[in-house]
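For reference, the structure discussed in these notes is given below.
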Amino acid sequence: MASRLNFRSLYTQAETQSFRLRVLVLGLVVLLLFALLAYRLSVLQVQRYAAFSERAESNRTAVVPIVPNRGRIVDRNGIVLATNYSAYTLEITRSQVEDLEATIQAISEIVPISARDRRQFKRLMADSKSFESIPLRSRLTDEEVARFTAQRWRFPGVDVKARLFRTYPLGEVAGHVVGYIGRINTKEQELIDESDDAANYRGTEVIGKLGIEQSYEKQLHGQTGWEQLETTAGGFAVRRLNSRDAIPGDTLVLSLDVGLQKLVEDLFGERRGALVAIDPRNGEVLAMVSKPGYDINLFIGGIDQENWDLLNTSIDRPLLNRALRGTYPPGSTYKPFMGLAGLESGKRKIDTTIQDNGSWTFGGHTFRSGHPNGPTNLRRSIIKSSNVYYYMLANDMGVDLIHDYLSPMGFGRPTGIDLEGESPGVLPSMQWKRNTYKRPEQKRWYAGETISLGIGQGYNHFTMLQLAHATAMLANRGVQHQPHLGLGRIDAVTRQYHALPQPPGLSLGYKPENIEAVREATQAVTVEGTARGIFAGAPYTSAGKTGTAQAVTIGQKERYNAAKLAERQRDHSLYIAYAPADQPEIALAVIVENAGFGATAATPIARRVFDYWLLGHYPSEQDLAASRQGLARTPIGTPRRAADMLNHYERVSVPGLSPRAIPWVPPAAAAKAPPAPAPEEVAQDSAGGAAED
C-alpha cells in the first residue's frame, strides 16, 4: 500500500514538472511571438511609417493633372498665327459608369459618335485613370449640346464640358513655318518619359509636331497644374483637398511680317517655289514662303485619311518645306559668291580681265556660255552673267578651294535657324564624293566636274534659306548673323515682353575692297544688267543677281527650248537681292520652279517685296493677277497701302515691342526714278544678256 502511494507521488511530481516545463516553453513561445509582433509593429509603424502613410494617403486621394493652355504665336506686329478657342466636349468618367459600351451606344443615338471617336476614346482610356474624365466626342454644336443636356439624367458619369482647342486663324498662310500640334505618339511619349520634363506632361495629349510649334514646345507648353481629390474605394471623387493652378504657355512673337508673307504667297499663285527674306542687320527672318502650302488646321486632332492621301500623294509635294528642305542648284546667283571667293583666295584681282568668246574648252570638251561678252572683268562677269569667267575661275581654284571659301558663307551646311529638319544641302569636295559614293570609279573626283561648279550647277545644291543667308552676309558687308524666327516672348504671368537672346554677328574677315567690288557689281545688275527691266522706275536702289538652274540636263550641243520640254523639266527661275543698296534693310532669295529665266519669274516677285517693305505698296488686283501668271514685270496699276491690308487680321498688343511702322511712299514718287528700258532693250535682255539667267 505504501509503495503504491509512493509511486503515485512520484508520478504526480513528474507530471507537475512536465506541465511546468510545457508552460515554460509555451510562455517562451508566446513571449517570442509577442516580441516578433512588437518588432513587426515597430517596423510598420515606425520604420516604414512614411511609406505606408503615403500609400494609405494615395489610396484615399488622387492627384489629377491640370493641363495648361498652350501659348499663342503672333508675328512681329502682334497678328495672331496660332491661338486657342473654347468648345464643348462630351466626356465620360469611367468609375461612375456601370456598362461603358451600353452607355456609349445609347449616347450615339442622341449625339453622333463616329468610329474614329470610339478609337480615340479607347486610346485615351488606356492611358487614363478610372476617375479621370475622358473626351468621347469633341467640338459639339449648340444643337448637340442641347439634345444631350435634355437627356443628361439618363447618363451618370457623362457630362458636357468646355475645353480649349488649337486653331490657326490664317490657315495656309505661313503654315510651313508655324507647323502644327498633334497627339503624342509612342516614340514621343518614350522621349518625354526619359526626360526631366516628364511630370510637366502628365495629362497632356498633344505636342508640337513641326515648325515653330515643335521648336518652341517648351515655351508654348506652359506648366502643368494639379488637383488633389479625396476618393472612395470605388474611385468616386468626394471633395478637393488641394490644388495648384496651371501656368499657361508664353506667347511667342515671331520675326515674320504676315503682310509680307501673305503677299509673297499670293504672288506665287499656283506656281511652285520658295522665298526667304532676311533683315541682314540682325538675321531676323521677315518672310519664309514655300509653295504650294496646306491648311495646318487639318492636322489638329489628327488628319483624316482622305485629306492625308491628297496631300501625301500630290505630285506638287505640298508637305515639303521647300524653303528649309528643298535643295536646288543655285545657277548664276552663285556667281557673286564665286567672284568674292576668287578675290579672297588670290586667284583673281578686281581688274583681272579674261576674253569671253561665248564658250570655253577644257580637256576636249566645250562648255557653252550663251553669247560672247568680249573682255570681261569681275564687274562685267556679274552684270552680263559671263559663264566663261566662272568656268576659268572654278578650274583655277579647284573643288576643295571652292569648298573652303564658300563654306563659311553658309553653303553646304545648316544655317542654325530655329526650325528643326533643315537640309544642309551639298557643297561638294573631294572628301564629300569619297564619302557619298560606293564604287571606286564614283569616288574619284574628275577635273571636268569642277568646271560647272563655277556657274552654280553640277553637284551644287542649296536651300533658299542658305542662299538668302549668304545674300544677307553680302548685303551686310561680310558680317553674318544667324537667321532666326523667334523674336521674343510675352511672359504668361507678368505679361512682360522679353527678347530672345541671339548670338552676335560674325565678321568673315573679307577685305573691304573685295566685298565692295562684288556689291557694286550686283547693284549694277539692276541698273544695266539682267534685272534692269524689272527695277525700272523704282525710287530706291537695290542689288541683285538673276539665275537660271537646270531641272534636267541639257547636252552642250543642244539648245534649250522650253516649248519642247514638259513643264516640270523646264529651268528654274532664281533671284537674289537686297535693298536699299547702300544701307540694306532686307535681303532675299527666291526660286520659281520650272519658270524659265530668272528675270522673267523670280525677279518680279523680288521687286514687289521691296516695294512692300520700303514703300508700303501692296500690288493692285490687276498686278497680282498678272504676277500669279508670270505676266507682269514692273508693277501694274495703282498700288494699295500695305498697312490697310492688315486691318482685318486679329492681333494682340505686345507690351514693350512697337509694331513696325509700314511706310507709305506715294506712287507719284516713282516718276522721279530712271525710266524703264525701251522694249527692244528688254527683248535683247531676255534673249541675249539673260540667256543663261
Any salt bridge linking [X] with [Y]? Criterion: basic side-chain nitrogen under 4.0 Å from a carboxylate oxygen.
{"X": "Glu172", "Y": "Lys291", "value": "yes"}
{"X": "Arg519", "Y": "Glu516", "value": "yes"}
{"X": "Glu441", "Y": "Arg439", "value": "yes"}

Non-hydrogen atoms of [X] and [Y] that approach each other most closely:
{"X": "Arg413", "Y": "Gln480", "value": "NH2-OE1, 4.3 Å"}
{"X": "Pro504", "Y": "His481", "value": "C-ND1, 4.4 Å"}
{"X": "His469", "Y": "Gly410", "value": "CD2-CA, 4.2 Å"}
{"X": "Tyr510", "Y": "Gly478", "value": "CD1-CA, 4.1 Å"}
{"X": "Thr415", "Y": "Glu422", "value": "N-OE2, 2.7 Å"}
{"X": "Gly488", "Y": "Leu252", "value": "O-CD1, 3.6 Å"}

Donor-acceptor pair, distance only, cut-off 3.5 Å: does the side chain of [X] make one with the backbone of [Y]?
{"X": "Arg444", "Y": "Pro440", "value": "no"}
{"X": "Ser573", "Y": "Ala602", "value": "yes"}
{"X": "Glu284", "Y": "Asp279", "value": "no"}
{"X": "Asn460", "Y": "Leu453", "value": "yes"}
{"X": "Glu585", "Y": "Pro580", "value": "no"}
{"X": "Gln482", "Y": "Gly283", "value": "no"}
{"X": "Arg348", "Y": "Gly342", "value": "no"}
{"X": "Arg380", "Y": "Asn377", "value": "no"}
{"X": "Arg272", "Y": "Asp316", "value": "no"}
{"X": "Asp257", "Y": "Leu286", "value": "no"}

Decide yes or no for [X] and [Y]: does some side-chain heavy atom of the first lie under 4.5 Å from some side-chain heavy atom of the second?
{"X": "Asn594", "Y": "His572", "answer": "yes"}
{"X": "Arg489", "Y": "His498", "answer": "yes"}
{"X": "Leu406", "Y": "Met338", "answer": "yes"}
{"X": "Val525", "Y": "Ile382", "answer": "yes"}
{"X": "Leu210", "Y": "Asn321", "answer": "no"}
{"X": "Asp356", "Y": "Lys384", "answer": "no"}
{"X": "Leu324", "Y": "Ile417", "answer": "yes"}
{"X": "Trp360", "Y": "Ile354", "answer": "no"}

Please check if the number of heavy atoms outside Lys443 that lie under 6.0 Å from its NZ is greater than 12.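 Yes, NZ of Lys443 has more than 12 neighbouring heavy atoms, counting only those of other groups under 6.0 Å.
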So does Gln442 have more than 12 non-hydrogen atoms from other groups sitting under 6.0 Å from CD?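 Yes, enclosed.
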Checking [Y] against [X]: is there a side-chain donor and acceptor pair closer than 3.5 Å?
{"X": "Tyr459", "Y": "Glu449", "result": "yes"}
{"X": "Gln219", "Y": "Asp250", "result": "no"}
{"X": "Lys335", "Y": "Ser386", "result": "no"}
{"X": "Gln523", "Y": "Thr541", "result": "no"}
{"X": "Trp445", "Y": "Thr450", "result": "yes"}
{"X": "Tyr578", "Y": "Asn476", "result": "no"}
{"X": "Glu213", "Y": "Tyr168", "result": "yes"}

Mind telling me whether Tyr180 and Phe299 have parallel, tilted or perpendicular rings, with 30° and 60° as the class edges?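 Ring orientation, 0 to 90° scale: parallel.
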Aromatic ring proximity, centroids under 6.0 angstrom, Tyr390 and Tyr334: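 Ring centroids of Tyr334 and Tyr390 are no less than 6.0 Å from each other.
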Tell me if the aromatic rings of Phe337 and Phe411 count as close, with their centers under 6.0 Å from one another.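 Ring centres of Phe411 and Phe337 closer than 6.0 Å.
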Does the pair Leu574 and Leu467 meet the rule for a side chain to side chain contact (heavy atoms under 4.5 Å, CB included), with working shown? CA-CA 10 Å; Leu574 297 100; Leu467 203 53; 4.3 Å; yes
